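Remarks on the structure that follows.
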There are 2 protein chains.
Amino acid sequence: MFSKACEYGIKATIFIAIKSYEGVRVSPKEIAKEIDSPEAFTAKILQALVRHDVISSLKGAYGGFEIAKDRIPLVKLADIVNAIDGDAIYNGCGLGLHKCSETHPCPVHDKFKAIREGLKDMLERTSLEELALDIKSGASFLKV
Amino acid sequence: MFSKACEYGIKATIFIAIKSYEGVRVSPKEIAKEIDSPEAFTAKILQALVRHDVISSLKGAYGGFEIAKDRIPLVKLADIVNAIDGDAIYNGCGLGLHKCSETHPCPVHDKFKAIREGLKDMLERTSLEELALDIKSGASFLKV
DNA sequence: TTTAATTCGGATATTTTTATCCTTTTTATT
DNA sequence: AATAAAAAGGATAAAAATATCCGAATTAAA
Ligand code: FES
Ligand code: FES
């Protein structure tokens, strides 16, 4: 469903949010350990998230990745997915036709569209805040 | 969402069904042309579909791929997807945890599960018959 | 029985995704 | 100003997905 890059990106962002609540920045090394991902690859994904303004970074000594506390409730899963996988998940045809279209639909268009809209809704409704709170409360987990 | 292989597999099976209604077998070349896919790669996918008993084939002169008419209403989209992509789409964790689990859920488990069940339902409910009839009636298209 | 047509299966090539490494740039501290 | 710590970015490597090629096996017809 999501690419590996996207999976790592979501988990990394959640971890960064949790640490940002505590006011501390985190390194790719710390993130990779916490979410059980390859460090260098994770660092690349963090760069993309910074470029897309999902998270922010500070270079140099005492630097690291963070996210402003007041942005945590505003960031949606869709923002993370979009930054990494783009919007193919929303606009693409389920059977790979050049373009998903009502007037020239593929055989699964109607049924696929319903699923896709559900997914889109879910991604746009789910905030980073709720995901982070569930991890903090022990209701969900980032690895294993 | 689906792999390229799976997309080709679905479209190929629909085309084979249509031709099987007319009682004629089709070759990978004809299929690839009709669904706009790479011929040799499509042939490999057809082999997988034969192995999984989704379609059947006859070697040699006047051979080709076909599907028994009375099987067309019984074959579901899920059978095709399963033959090619396996069941990761049903059992896998949306964030790549080793196993999707109620007792050790990832941050998106609840929300992802709902989408996934919807997809599973759709795949298990949608028959090859209805897909093929929509193509025949011109309500949907296999390429462009 | 020969021939031509056709799927099957293995080997190989290309492209994309995933992953690693190393140098440069930036920054806070000393 | 010098130093050390850290992200940024480019180059490269490995793995997986996609795609191609070709000989072997099978089949129906002539
Ligand atoms: S045309 Fe294929 S999903 Fe809309
Ligand atoms: S644990 Fe991740 S989807 Fe169920």
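Reminder, nothing fancy here: chain letters follow the sequence lines and each chain counts from 1. Keep in mind that what you see is a predicted model, and the values were worked out from it rather than measured. All heavy atoms count here, side chains included; hydrogens, waters and symmetry mates do not.
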- Message: What is the separation between atom CD on A:E39 and atom P on C:dT18, rounded to the nearest whole Å?
- Response: 19 Å
- Message: In this structure, how many angstroms lie between the P atom of C:dC8 and the CG atom of B:L46, rounded?
- Response: 8 Å
- Out of curiosity, does B:L119 fall in the hydrophobic cluster containing A:L123 (side-chain heavy atoms, cut-off under 4.5 Å, transitive links)? yes
- Between B:S3 and B:D85, the two heavy atoms sitting closest are OG-OD1, 2.7 Å
- Message: Assess whether a salt bridge exists between B:E30 and B:K33, defined as any Lys/Arg side-chain N lying under 4.0 Å from an Asp/Glu carboxylate O.
- Response: no
- Message: Without decimals, in angstroms, what is the distance between A:F41 CZ and D:dA15 C1'?
- Response: 12 Å
- Note on the structure: The correct set of residues in residues 77-94 of chain B placing a heavy atom under 4.0 Å from DNA chain C is none
- Quick one: do B:K76 and B:E124 make a salt bridge, cutoff under 4.0 Å? no
- Return the value, rounded to whole Å, for the distance between atom CD of B:E30 and atom P of C:dA5. 16 Å
- Query: When the C1' atoms of the five terminal pairs at each end define the local axes, what inter-axis angle does the helix from C:dT1-D:dA30 to C:dT30-D:dA1 show, to 10 degrees?
  - Reply: 0°
- Hey, is the side chain of B:Y8 poking within less than 4.0 Å of OP1 or OP2 on D:dA19, counting only N and O atoms? yes
- Message: Would you say that B:K113 contacts B:E102 through its side chain, given a criterion of any heavy-atom pair below 4.5 Å between the two side chains?
- Response: yes
- Note on the structure: Its contact letters, B for base, S for sugar-phosphate only and - for none at protein heavy atoms under 4.0 Å, make nucleotides 2-7 of chain D read ---BBS
- Start with the C-alpha gap between A:F112 and A:L95, add the side-chain angles, then the distance that decides, and say whether side chain to side chain contact (heavy atoms under 4.5 Å, CB included) holds. CA-CA 9 Å; A:F112 185 80; A:L95 292 189; over 6 Å; no
- Query: In whole angstrom, what separates B:I35's CD1 from D:dT18's P?
  - Reply: 14 Å
- Task: Report yes if the side chains of A:C6 and A:V81 come closer than 4.5 Å at any heavy-atom pair, otherwise no.
- Result: yes
- Start with the C-alpha gap between A:H52 and A:N82, add the side-chain angles, then the distance that decides, and say whether side chain to side chain contact (heavy atoms under 4.5 Å, CB included) holds. CA-CA 9 Å; A:H52 285 83; A:N82 228 282; over 6 Å; no
- Query: CD1 of B:I45 versus C1' of D:dT18: gap in Å, rounded?
  - Reply: 9 Å
- Might you work through the side chain to side chain contact (heavy atoms under 4.5 Å, CB included) test for A:D79 and A:T13, ending with a clear yes or no? CA-CA 11 Å; A:D79 300 320; A:T13 306; over 6 Å; no
- Message: Any salt bridge linking B:K19 with B:E34? Criterion: basic side-chain nitrogen under 4.0 Å from a carboxylate oxygen.
- Response: no
- Would you mind reading off the distance between A:R51 atom CZ and D:dA8 atom C1', rounded to a whole angstrom? 9 Å
- Message: Tell me if a side-chain donor or acceptor on A:T126 pairs with a main-chain N or O of A:L77 at a distance below 3.5 Å.
- Response: no
- Quickly work out the B:K44 NZ to C:dA11 P distance and round it to whole Å. 11 Å
